[in-house]
Amino acid sequence: MSDKCNSGQRRRKIALIGGGNIGGTLAYLSIVRELGDVVIFDVVEGLPQGKALDLSHAAPVLNSSVTITGTNDYKDLADADVCIVTAGLARKPGMSRDDLLSVNSKIMKSVAEGIRTYAPNSFVIVVSNPLDAMVTLCQRETGFPTERVVGMAGVLDSARYRAFLAEEIGVTPASINAFVLGGHGDDMVPVRSNTTVQGIPVSHFIQAERLTQIEDRVRKAGGEVVALLKTGSAFYSPATAAIEMAESYLKDQKKVLPCAAYLDGEYGIKGIYMGVPVIVGKGGVEKIIVAELTAEETAALNVSAGKVRELVDALPA
Ligand code: TXD
């Protein structure tokens, strides 16, 4: 089949590396939103192929025109526009994200080689945990420019913050504007000073003590889901967050999204990936936005940066 649309434009292609809980949900969302043809890659024989076949039976009902294939061969990633990486182990109850470092690092090295070889011009969105270390490793191993390798965490963590605030105030989450900075760990920084309900400071609605409780819940929200599910971690919300980033790239929407991006002095931090507000467009991470923070938030961000550096330093050579 021609890989061109009638307009002569090349059809968009999304490669999902990891066909597990998040990967399968990513594939479904890609079909529903018709973001492009989808290829699911996984190392487990039959898993990507089975999910692709099942999803291809949903496409007619969804009136979706995209194609969906499953593969165990990296060659099928050829010329993907976007690669979303969820390959790796997920947490089980009692595990920290950092506990996944060693095993997922080995996986990430093989994934990065596949991407570098077969999708050398793609925009790479890393989801695998521990996120800040995995996105660092993926960029190092692919050798892609930093603006073309980004981590998904902040969109999810900010959505959790918005959901809890909306529930507390009794408004739709769509009216809450909030973002979370820093590493994707227990020291992430919900930025209260920049959080509003349609432009009205959140402190107008919720007392400081209660806000602190909500922000603590945001930091632990991933663990809360893991403890309930017992067999794995969250997957609907991470997939939804990653698709938001992919769509902003593919459609050049230039959305301002909190993503794990490479800092080169912004926020006074240099040489690591960490969650900050960025503009995502056809150039990938097109600009890092430096928000004004309180002294407390700045201090918390530096603590989080320190934890990210420790994790990155622990990456196997
Ligand atoms: O906000 C975030 N970034 C986090 C990320 C939110 C939630 C989950 N987070 C992490 O995403 C989680 O800790 C895991 O590291 C990844 C994927 O989570 P998911 O829930 O999708 O895990 P699954 O269902 O176990 O799927 C992982 C798939 C599975 O099918 C494996 O066979 C596959 O990864 N896998 C591989 N694919 C390709 N290549 C290799 N080497 C490989 N090894 C395993």
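Each ligand, and each atom within it, is numbered from 1 in the order the structure gives. Computed from a predicted model, the values in this text were never measured in an experiment. All heavy atoms count here, side chains included; hydrogens, waters and symmetry mates do not.
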Do me a favour and list the nearest non-hydrogen protein atom to [atom] with residue, atom name and distance?
atom: atom 39 (N) of ligand 1; value: V43 CG1, 3.5 Å
atom: atom 9 (N) of ligand 1; value: N129 ND2, 3.3 Å
atom: atom 16 (C) of ligand 1; value: T86 O, 3.5 Å
atom: atom 26 (O) of ligand 1; value: G20 CA, 3.3 Å
atom: atom 22 (O) of ligand 1; value: A90 CB, 3.8 Å
atom: atom 5 (C) of ligand 1; value: V127 O, 2.9 Å

Among [options], which one puts a heavy atom closest to [atom]?
atom: atom 33 (C) of ligand 1; options: N21, I40, D42; answer: D42
atom: atom 27 (C) of ligand 1; options: A234, G88, A87; answer: G88
atom: atom 2 (C) of ligand 1; options: K109, H184, M108; answer: H184

At a 4.0 Å threshold, what atoms of ligand 1 neighbour a non-hydrogen atom of [X]?
X: L156; result: 1 (O), 6 (C)
X: P238; result: 6 (C), 7 (C)
X: S110; result: 41 (N)
X: L89; result: 12 (C), 13 (O), 14 (C), 15 (O)
X: V44; result: 32 (O)
X: N104; result: 15 (O)
X: L47; result: 30 (O)
X: F41; result: 38 (C), 39 (N)

Rounded to the nearest 0.5 Å, what separation is found between the [atom1] atom of [X] and the [atom2] atom of [Y]?
X: K254; Y: I279; atom1: NZ; atom2: CD1; value: 8.0 Å
X: S304; Y: I269; atom1: OG; atom2: CD1; value: 8.0 Å
X: T71; Y: L77; atom1: OG1; atom2: CG; value: 8.0 Å

Answer yes or no: are there more than 12 heavy-atom neighbours, outside Y28 itself, under 6.0 Å from its atom OH?
no
Over 12 foreign heavy atoms within 6.0 Å of CD, E34:
yes
Check: [Y] main-chain N/O paired with [X] side-chain donor or acceptor under 3.5 Å:
X: T195; Y: A178; value: no
X: E297; Y: T294; value: yes
X: D132; Y: H184; value: yes

So, is I22 polar-close to ligand 1, with some N/O to N/O distance under 3.5 Å?
yes
I'd like to check whether I107 has a polar contact with ligand 1, where a contact means an N/O of the residue lying under 3.5 Å from an N/O of the ligand.
no
Hey, can you tell me if Y262 and Y273 have their rings parallel, tilted or perpendicular (30° and 60° cut-offs)?
perpendicular
So, for S64 and I31, which heavy atoms are closest and what is the spacing to 0.1 Å?
OG-O, 3.0 Å
Less than 4.0 Å is my threshold; does some heavy atom of S233 fall inside it relative to ligand 1?
yes
Should M245 and Y161 be counted in the same cluster of Ile, Leu, Val, Met, Phe, Trp and Tyr side chains packed under 4.5 Å apart?
no
Any carboxylate oxygen within less than 4.0 angstrom of a Lys/Arg side-chain nitrogen, looking at E247 and K251?
yes
